[in-house]
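Since the structure comes first, as structure tokens, the remarks are kept for the end.
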Amino acid sequence: MNSTISLLKNHRTYRSFKTGEILPQEHLQAIIDCARQAPSWMNGQHYTIINITSPELRQHITEQLPANPQIGQCAIYFIFLADLHKADLCRQAYEGTFAAAGTPDAFMTAVTDAVLAAQNAATAAESLGYAVCYTGGIRLIAPQLAEMLKLPPHTFPVVGLCIGTPNVEMRVKPRLPQAAAYAENQYPSDQCPSENLAAYEQTMTEFGEAREKFPYREKFARFYSQPYGPANIEFMQSIGWLNWYQTK
């Protein structure tokens, strides 16, 4: 097994980091370079990475997300933005209409570019011996972050990434059986994923992760029983996202 495959197969999330760590500049630059080299739609690179270096700003973000104290602990905290603002600047330079900017497809394109860059950064950081933790909850404080980070229209904080040295050890978490996540040529019948979801629920119960309060399937039955982050729809439309149908 080559080193890259071994690294990816041993990924784990760490939620507690040693404080006060400073990454060598060459490591930080290597991580940024790898993130920037990620694939992107039409080479548009529809993302921006913001490195939160201000302790005060880190503290403000952590106060907004008290369930994620690792944001204030880790050595590096990146926020990855889906970013069509730069495309708008291209539009201004060549007098385009920017008519596609408010469509769902444009949002999906920018989000995909951002998460591909984020995953490149995470893999690069792990290859250098650091631990990582994604913080998807930043989506829930998008309006606050827009103000804190002075974000222009057509930008949206998709995910945060903590990088640093962990102060706890974590086990590699089991994944869904392959049959529940991989198929050939067509989506499998419900019996296949249903049976594998049940088996995985038992696997995760035996794994015994302390932060899990409910069995695997019940967790998602509860989660998707009510809208998640509904306030973001109005906010996103106010800054130019997902508003195409309102104008038709």
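Remember, it's a predicted structure, so these values are computed and weren't measured experimentally.
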Do the side chains of [Y] and [X] get nearer than 4.5 Å, heavy atoms only?
| X | Y | result |
| --- | --- | --- |
| Lys18 | Gln73 | no |
| Phe223 | Glu218 | no |
| Glu21 | Tyr130 | yes |
| Thr135 | Cys162 | yes |
| Val158 | Leu81 | no |
| Ser16 | Gln70 | no |
| Asp33 | Gln37 | no |
| Gln119 | Val115 | no |

- Message: Let me check something: do Ile239 and Val159 share a hydrophobic cluster, defined by ILVMFWY side-chain heavy atoms less than 4.5 Å apart, either directly or through other members?
- Response: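 Cluster IDs for Ile239 and Val159 match.
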
>> Take a 6.0 Å sphere around CD of Gln191 and say whether it holds more than 12 heavy atoms from other residues, nucleotides or ligands.
In response: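 For Gln191, atom CD is not crowded (no more than 12 foreign heavy atoms under 6.0 Å).
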
Problem set entry | Pairing of Glu169 and Arg12 as salt bridge, 4.0 angstrom limit |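 So Glu169 pairs with Arg12 through a salt bridge.
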
Might you point out which heavy atoms bring [X] and [Y] nearest each other, and give the distance in Å?
| X | Y | value |
| --- | --- | --- |
| Leu242 | Gln237 | O-NE2, 3.2 Å |
| Cys133 | Thr13 | SG-CG2, 3.6 Å |
| Ile138 | Gly160 | CD1-N, 3.4 Å |
| Ala101 | Leu84 | O-CD1, 3.9 Å |
| Tyr134 | Ala122 | OH-CB, 3.5 Å |
| Met170 | Tyr14 | CG-CD2, 3.5 Å |

Can you say whether the rings of Phe235 and Phe156 are parallel (under 30°), tilted (30 to 60°) or perpendicular (over 60°)?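 Rings of Phe235 and Phe156: tilted, 30 to 60°.
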
Parallel, tilted or perpendicular, judged at 30° and 60°: which one describes the rings of Tyr224 and Phe220?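 Rings of Tyr224 and Phe220: parallel, as their planes differ by under 30°.
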
_Under the criterion side chain to side chain contact (heavy atoms under 4.5 Å, CB included), I'd like the reasoning laid out for Glu212 against Phe207: C-alpha separation, chi angles, the key distance, then a yes or no._
CA-CA 10 Å; Glu212 297 290 357; Phe207 184 74; over 6 Å; no

Mark yes or no: Arg58 above the aromatic ring of Tyr77, with NZ or CZ under 6.0 Å from the six-membered ring centre and no more than 45 degrees from the axis.
->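 Here Arg58 fails the 6.0 Å and 45° test against Tyr77.
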
Practice item. Kindly compute the distance separating CD1 (Ile71) from CG (Leu65), expressed to the nearest 0.5 Å. Key: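 Spacing of CD1 (Ile71) from CG (Leu65) equals 5.0 Å.
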
(request) Let me know which of Asp83, Thr109, Val111 forms a side chain to side chain contact (heavy atoms under 4.5 Å, CB included) with His46. (result)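 Single side chain to side chain contact (heavy atoms under 4.5 Å, CB included) partner of His46 among Asp83, Thr109, Val111: Thr109.
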
Requested in this report: Take Tyr94 and Gln92, measure what side-chain hydrogen bond (donor to acceptor under 3.5 Å, both in side chains) needs, and give me the verdict at the end.
Outcome: CA-CA 5 Å; Tyr94 279 86; Gln92 295 175 34; over 6 Å; no

